[in-house]
Amino acid sequence: MITESGKYKPEVVEPKWQKYWFENQMFKAEDFSEKPKMYVLDMFPYPSGAGLHVGHPEGYTATDIVCRFKRMQGFNVLHPMGWDAFGLPAEQYAVETGTHPSITTKNNINNFRSQIQSLGFSYDWSREINTTDPNYYKWTQWIFLKLHKKGLAYLDEIPVNWCPALGTVLANEEVIDGKSERGAHPVIRRPMKQWMLKITEYAERLLNDVEELDWPEGIKEMQRNWIGKSTGAEVDFKLAKSSNIIRVFTTRPDTLFGATYMVLAPEHPLVGIITAPDKKNDVSAYKKLAAKKSDMDRTELNTEKTGVFTGSYAINPVSNDEIPIWISDYVMMGYGTGAIMAVPAHDTRDFEFARKFGIKIKAIIRPDENEANKENIEINDVLSGNACWTGNGVLIDSANETGLDINNLSVNDSKRTTIEWLKNSGLGKKTVNYKLRDWLFSRQRYWGEPFPVVHMDDGEIRLINENNLPVSLPEIDDFKPLGTGESPLAKAQEWLEYTDPDTGQKGKRETHTMPQWAGSCWYYLRYIDPDNNLEAWDKAKEKYWMPVDLYVGGAEHAVLHLLYARFWHKVLYDLGLVSTNEPFQKLVNQGMILGTSYKDSRGALARTDLVKEEDGKFYHIETEEELVEFPAKMSKALRNVVNPDDVIAEYGADSFRLYEMFMGPLEAVKPWNTKGVEGLRRFLQRSWRMIIDEDGEIAKNINDEELDKEQLRILHATIKKVTKDLETLNINTAISQLMIFLNAFSKYKTTNCGAIEIYVKLLSPLVPHFAEELWQRLGHNQSIAYEPWPTYNEEMTKENEVEILVQLKGKPKARIMMPADISKEDMEKMAMENESVRGIIGGSTVTKIICVPGRLINIISG
RNA sequence: GCCCGGGUGGCGGAAUGGCAGACGCAACGGACUUAAAAUCCGUUGACCGCAAGGUCGUGGGGGUUCGAGUCCCCCCCCGGGUACCA
């Protein structure tokens, strides 16, 4: 008879243990402890109305496993969760329905929390934070005051990415291909007064300190590229017929003698001044065209160069030649000085431009012969101006009468020499340029942190006193954007008007709010001391917990969040408010989980509900065309979104967790396959059956008999493999080893109870509810969560005898059993005395024998 | 274009320079069952062969090595990032 208590029932076991953990506050982190600390952080989610996605629990499961593992190893673990809850969707929903964003947010958070809790994660819920809570954003505002006082926040009238559909400006990082990152609405350029943060002041440190981080190389590289440091020189060009000077930035000062024209960005302030009267019409027409073009979708980038001549000339400072000044939109006002010296012989863009407009091309580098051959470029073509060379070589025709002679020098040497000469002649100097721009920190939205700022009527910008924080969001009932560049906050009359309590001076509050990134720039610090009403965090606690030892999240935050947070952290460090230079010591990106989709012969993906399966093949319901299975991003449009709630309801949270980890390496992109969850459910079922018999009793063959040699070997090998794999986050192979253990131990007639308990312990970080239940049934009345992690004996993992492969000239021929610890000499002796080995060698002469202990013998014969 | 990843059975994926394909899914065969599901046992890279066995095989081509999925060079394809950055 199978009784109820004999069955594995996740639907009973999982809520039982979740309740137990919650009621006993099992995972509350202690501030300060004798134990070593471990701070494991998940990127906190934006609680969207759509709820949890199978992608969310992937990283959360991995960190939960690490935390549970580390607790058993005696660490004091901090593992918090919270909500990045400011953001556009709740506000747009408010515009449509009138529901206040705080209500939407609260509901979504409740939904997210219960979904997350149903997965059995061991968060310290007493530290839950919410960026929209005034008790939280009070401190976000406080940090803004710190930034401002340090001179890192300023107002500036700049051309910004204005998104009419969203009614707000966006940071450069939030604009993709000329469209908004969220919603893909068109974005146009428009000058507006905005709050900016001087992240550029930290560019060098943000770049250098990347080196010391234990982050994926790809992410570090993306940060470096985004900062985009380039070293070169600023050079001043005099105009031929006026006293104006055009300053350019170049990374190739060595090519100055080859500069045969200049180009200004169309928006360059000198354009209006230097344009010759007969060119005014052409130039202003082009400027208009360029302005319109920058409003257009940037993906349709036309590589064909355009531009017009201004009618003016500049003097090349090294050769004294008069060179024409053009304007073109291939030079951007936003980078360097907005003007370039053009060296068509040695820059591909300049080359294209000069070719098109018939401008002189003057070669001043003789290409390196080997390199030119490799690139398939004729040296003579370069020298005659018919090909462009950007590589190495030797300088030619590059000397003047005022002491600069770089002929015969290499590119690098001539750069150095030229910069030296420019400096001595007062014409230029060595400069460093960054692609990184200052951070646009204003948004014209309601649902964000208000700035603690008042614009006084006399023009003074006044900061709200620290003691009067937070500046709370006013209640309003119309969330529609004004479309003027002001946020909906401008409608909150009462809130808006400010009167100085002492002087009676009047002013208006800042109506911009902070971008969503603000709250996530420092949330990891608030978890350390979430209820502190006197300060943002206690310094001693910060010192104890920081830095974050492991940070797991999606690669989509490679530049945005991670760069901004590092910037704030460095500012806080400089202010003596945090003890570490960097916030996140180790970073791991979980790969995206793809859904199943179906592709036709043209490569088009079909909606999953329009696909039918027959005999293992897939067909389109309407066209009858045969389709092939193809992994694709989960999307509503493809109807291939998998909802974790459904999976948990059918298989249980433990099977779900196990499957997500078994799919492959954490960082890899991998396709979801619900069949796979069944396999893991089966694995748990078989593990259960090995331990619990059909009556719900401990299986009869589990006793206190000693393990035999082979059982001991498998047990210790399993402890070793699982321990090492959890340490390195190779959770998929840890699970494989546990399966190997089960396959072996479920076949033995009798099993030692201690070995089974170790198995349950090894499983417990992965499938905590399952393990708790078995642990209890095995007679323990304490939770397994803090049981000491099993240790292994290296000697036990070794086999006495191993099978050695005998190869003849690399081909496998025979297998001989040999003692595991045999020496090379004895291996060779044993092999050569072996009958079948002799037969394999036959009459041929052995010239060499390679012995690899524990592995193989390779016999080379002539 | 440039910068990062990656390419291994039908599928997800394993492999300190040492027997490629661990583990799982799927498939097939068998046991149990009136039957099915569940469960259990077995087979499963391709090709040749009755068999013993052999040949080929980690995107393609070369190389280093006694030995290469792994190291080196060249090329192709896929994914991500970025883009007239001077």
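In the text below, chain A, chain B and the rest are named by the order of the sequence lines, each starting its count at 1.
- Mapped onto RNA chain B by nearest heavy atom, A:I740 and A:K633 fall at different nucleotides, with A:I740 at the one closer to the 5' end.
- The nearest whole Å value for the distance from the CG atom in A:L264 to the C1' atom in B:C84 is 16 Å.
- One atom, CZ of A:F741, and another, P of B:C23, lie 16 Å apart when rounded to the nearest Å.
- Applying the 4.0 Å criterion to OP1 and OP2 of B:A86, one finds that A:S230 has a side-chain N or O inside that range.
- Taking the six-membered ring where tryptophan is involved, the planes of A:F770 and A:Y8 are perpendicular, since the angle between them exceeds 60° and thus also 30°.
- Looking at heavy atoms from C-beta onward, A:V343 lies out of side-chain contact with A:T260 at the 4.5 angstrom threshold.
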* Sugar-phosphate or base contact per nucleotide [nucleotides 61-72 of chain B; S, B, -; heavy atom under 4.0 Å] -> -----B------
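- Of the residues near RNA chain B, A:K747 and A:G679, the one whose nearest nucleotide (by heavy atom distance) lies more toward the 5' end is A:G679.
- Note on A:V331: a base of the nucleic acid sits closer than 4.0 angstrom, heavy atoms only.
- At a cut-off of 3.5 angstrom, the base of B:C3 holds no donor-acceptor pair with the side chain of A:R224.
- Here the P atom of nucleotide B:C85 and the OH atom of A:Y434 are 19 Å apart, to the nearest Å.
- For an aromatic pair to be called close, the ring centres must be under 6.0 Å apart, and A:F745 with A:Y759 fails this.
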* To do: Given salt bridge (Lys or Arg N to Asp or Glu O under 4.0 Å), test A:K229 with A:E204 step by step and report yes or no.
  => CA-CA 8 Å; A:K229 179 181 183 175; A:E204 190 64 26; 2.8 Å; yes
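- Residue-level contact check: A:E803 touches the bases, meaning some heavy atom is under 4.0 Å from a base atom.
- A:R682 has a side-chain polar atom (N or O) that falls below the 4.0 Å cut-off from OP1 or OP2 of B:A26.
- Its glycosidic angle being more than 90° from 0, B:G79 falls on the anti side.
- Spacing between B:A20 and B:C73 at atom C1', rounded to whole Å, works out to 24 Å.
- Distance from the side chain of A:D329 is smallest for B:C84 among the nucleotides B:C84, B:G18, B:C25.
- The line from NZ of A:K220 to CG of A:D214 is 7.0 Å long, rounded to the nearest 0.5 Å.
- Using a 4.0 Å heavy-atom cutoff across all strands shown, A:K675 reaches sugar-phosphate atoms only and no base atom.
- Under the side chain to side chain contact (heavy atoms under 4.5 Å, CB included) criterion, A:L638 pairs with A:S597, A:L605, A:A632, A:S635, A:N640, not counting sequence neighbours.
- Across the P atoms, B:G60 and B:G10 are found 14 Å apart, a figure rounded to whole Å.
- Checked against the 6.0 Å centroid threshold, A:Y330 and A:F353 count as a close aromatic pair.
- B:U8 and B:G57 are spaced 10 Å apart, taking the C1' atom of each and rounding to whole Å.
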* Asked: What's the verdict on side chain to side chain contact (heavy atoms under 4.5 Å, CB included) for A:L666 and A:I731, showing C-alpha distance, side-chain angles and the deciding distance?
  -> CA-CA 8 Å; A:L666 185 60; A:I731 304 173; 5.7 Å; no
Provide a list of protein-nucleic acid N or O atom pairs under 3.5 angstrom, restricted to nucleotides 7-12 of chain B.
unit_1, atom_1, unit_2, atom_2, d
B:G12, O2', A:M663, O, 2.6

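- For the atom pair CG of A:L762 and CD1 of A:I719, the computed distance is 6.0 Å after rounding to the nearest 0.5 Å.
- Here A:K435 contributes atom NZ and A:R224 contributes atom CZ; the two are 13.5 Å apart, rounded to the nearest 0.5 Å.
- The aromatic rings of A:W326 and A:F357 sit tilted relative to each other, their planes meeting at an angle between 30° and 60°.
- Of the candidates B:C19, B:C56, B:C84, the closest approach to any side-chain atom of A:K811 belongs to B:C56.
- Nearest nucleotide to the side chain of A:E221, out of B:C3, B:G18, B:A22: B:C3.
- Under the ring-ring contact (aromatic ring centres under 6.0 Å, His included) criterion, the residue pairs touching residues 664-687 of chain A are A:F656-A:W672, A:Y659-A:W672, with sequence neighbours excluded.
- Distance CZ (A:F353) to C1' (B:A86): 14 Å, rounded to an integer number of Å.
- Atom pair A:Q590:CD and B:G5:P shows a separation of 19 Å (rounding to whole Å applied).
- Residues of residues 338-346 of chain A having a heavy atom closer than 4.0 Å to RNA chain B, listed by number: A:I340.
- Atom name C1', nucleotides B:C25 and B:A14: the rounded distance is 15 Å, in whole Å.
- Here A:N732 lies in heavy-atom contact (under 4.0 Å) with sugar-phosphate atoms only.
- If you check B:A14, B:C84, B:C23 against the side chain of A:N743, the one that comes closest is B:C23.
- To the nearest 0.5 Å, the span separating CG on A:D725 from CG on A:N730 amounts to 5.0 Å.
- Nucleic acid contact class of A:P665 (heavy atoms, under 4.0 Å, all strands): sugar-phosphate only.
- Checking B:C85, B:G54, B:A86 against every side-chain atom of A:T251, the shortest atom distance belongs to B:A86.
- The CG-C1' distance, from A:L560 to B:G81, rounds to 12 Å in whole Å.
- One distance of note links CG of A:L563 with CD of A:Q223; it measures 5.0 Å at 0.5 Å rounding.
- Here B:G24 presents its P atom at 19 Å from CE of A:M661, a figure rounded to the nearest Å.
- Here the straight-line distance linking atom CG of A:L808 with atom OG of A:S861 works out to 4.5 Å at 0.5 Å rounding.
- Environment of NZ in A:K824: sparse, with no more than 12 heavy atoms of neighbouring residues, nucleotides or ligands closer than 6.0 Å.
- For the pair A:I840 CD1 and B:C19 C1', the computed distance is 14 Å after rounding to whole Å.
- Looking at A:Q590, its side chain never comes within 3.5 Å of a backbone N or O of A:V552 through a donor-acceptor pair.
- Spacing of C1' atoms, B:G7 relative to B:G13, comes out at 13 Å, to the nearest Å.
- Spacing of P atoms, B:G69 relative to B:G63, comes out at 15 Å, to the nearest Å.
- Base-pairing analysis of RNA chain B finds the following stems of at least three consecutive Watson-Crick or G-U pairs, with both pairing distances under 3.5 Å: B:1-7 with B:76-82, B:10-12 with B:23-25, B:27-31 with B:39-43, B:45-48 with B:53-56, B:59-63 with B:71-75.
- On the C1' atoms, B:G45 is 11 Å away from B:U58, given to the nearest whole Å.
- The C1' atoms of B:A51 and B:C77 are separated by 42 Å, rounded to the nearest whole Å.
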